[in-house]
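See structure below.
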Amino acid sequence: MFSWLEEELSTIKNRKFHLIGEQAARYFSQESEEMDWPVPPPKEYQVFLERFGPAALYREDDNIWALKFFERPIIEKDERDTVFLVFGFWESYSLAFPLERLKKKGDSPVYEECMYTGRFRRKRRFSKWLASRAARIRKEYEKDEWQKILDGPAPFSSEEEQIIRARSQYRWCKAGIAENGNLLIEVTNDSDLTLPYLSFDLRLPRHDLVGGISLPVSTVLPGQTETIAAFAYTRLSHVDDAEISLEPDPWPEDREFYWEFGRPEE
């Protein structure tokens, strides 16, 4: 049923292009409304979860994948108060099974959120829907782009490994809020290098917002400390409760997303 995906997983050497199981779960979180399945999901989706677990497929950006599938659903209602069990996303659009249909028939095709109306539209059974959607996504890649994904990235160079070691030798802490509302971060450079940026994860719980900061630290020389304003996402009320953490060390697959190696346009 999913042999094409198993073959693709075994062929692609880019380790973050497809994530499955616990590795995938670390890269996306579900909302507080998540719950256990009130009724069993369709058999095909059960098979998918048994074989792969939660999954994030077709990486598009740092922490963005074209397709995401959860182990447990999120409850949503449409304008008619029809209850849907959202089990994943295609881009930013919800994928769901209608609860009443599962109760009555024990099975359901995929219902896909319409990008224009926000309503759920009935599609195909999960296995056929996934194969078709994946085929459409793959067609968006040029031949040379797809070959790079198949081949995987080159290992880190010695210079890149030095950068990775250096970023772990920076110390930082939140240092308050500037008059214009930006978050201030105090940074100390205990390394022997001067990096252009430090990559942070950022979460604003009151806004249900998760993102990242590429903090410019090029003026913080070895042995020095400086307070820097973080511009991304921070001109919001209650920014004082922002939760930040240094992003985990990158893999070679992450080069273009970590500005420690230089901005993509540089």
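The two residues P216 and I228 come nearest to each other via the heavy atoms O-CD1, 3.2 Å.
R15 is linked by a side chain to side chain contact (heavy atoms under 4.5 Å, CB included) to W251, P252, E253, counting only residues two or more places apart in sequence or in another chain. Applying the ring pair (Phe, Tyr, Trp, His ring centres under 6.0 Å) criterion to Y258, with sequence neighbours excluded, gives no partner residue. With sequence neighbours left out, D249 forms a salt bridge (charged side-chain N to carboxylate O under 4.0 Å, His left out) with R167. Legend: residues meeting side chain to side chain contact (heavy atoms under 4.5 Å, CB included) with Q169, ordered by chain and number and at least two apart, are S191. With sequence neighbours left out, the salt bridge (charged side-chain N to carboxylate O under 4.0 Å, His left out) criterion links E113 to no other residue. Applying the ring pair (Phe, Tyr, Trp, His ring centres under 6.0 Å) rule to F200 yields the partners W172; only residues at least two apart in sequence or on another chain are considered. A search for salt bridge (charged side-chain N to carboxylate O under 4.0 Å, His left out) contacts involving D62 returns R59, not counting sequence neighbours. Taking the side chain to side chain contact (heavy atoms under 4.5 Å, CB included) definition, one finds that E161 meets it with F156, R165, sequence neighbours left out. Every residue two or more places apart in sequence or in another chain that forms a side chain to side chain contact (heavy atoms under 4.5 Å, CB included) with P98 is listed here: F84, R101, S108, Y111. Evaluation of the salt bridge (charged side-chain N to carboxylate O under 4.0 Å, His left out) rule for E60 yields no partner, not counting sequence neighbours. Residues forming a ring pair (Phe, Tyr, Trp, His ring centres under 6.0 Å) with Y58 (at least two apart in sequence, or on another chain): F17, H18.
Residues I64 and I20 do not share a hydrophobic cluster, clusters being chains of Ile/Leu/Val/Met/Phe/Trp/Tyr side chains in contact below 4.5 Å.
Few gaps surround CZ on R255; more than 12 heavy atoms of other groups in view lie less than 6.0 Å from it. Applying the 6.0 Å contact sphere to CG of D192 captures no more than 12 heavy atoms from other residues, nucleotides or ligands.
Between D107 and K43 there is no salt bridge, since no side-chain nitrogen of the basic residue lies less than 4.0 Å from a carboxylate oxygen of the acidic one. Residues R72 and D36 are paired through a salt bridge, judged by an N-O separation under 4.0 Å between the basic side chain and the carboxylate.
In terms of modelled atom types and a separation under 3.5 Å, the side chain of S10 and the main chain of E7 share a donor-acceptor contact. At distances below 3.5 Å, at least one donor-acceptor pair connects side-chain atoms of Q46 with backbone N or O atoms of P41. W65 places no side-chain N or O within donor-acceptor distance of the main-chain N or O of E91, the cut-off being under 3.5 Å. At distances below 3.5 Å, not a single donor-acceptor pair connects side-chain atoms of N182 with backbone N or O atoms of A229.
Ring centers of Y45 and F126: under 6.0 Å apart, within the cut-off.
Sorted by first then second residue, the salt bridge (Lys or Arg N to Asp or Glu O under 4.0 Å) pairs that include residues 137-147, not counting sequence neighbours, are E8-R138.
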Quiz item: Are R119 and D78 close enough, and set up right, to give a salt bridge (Lys or Arg N to Asp or Glu O under 4.0 Å), and what steps lead you there?
Solution: CA-CA 7 Å; R119 298 175 181 173; D78 65 8; over 6 Å; no
Self-check item: Chi angles and distances behind the side-chain contact (heavy atoms from CB on, under 4.5 Å) call for E6, F52
Solution: CA-CA 9 Å; E6 291 178 328; F52 305 106; 3.7 Å; yes
Exercise. May I have the step-by-step check of side-chain contact (heavy atoms from CB on, under 4.5 Å) for T82 and E100, ending in yes or no?
Key: CA-CA 8 Å; T82 302; E100 287 305 313; over 6 Å; no
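The closest side-chain donor-acceptor pair between T225 and E186, if any, does not fall under 3.5 angstrom.
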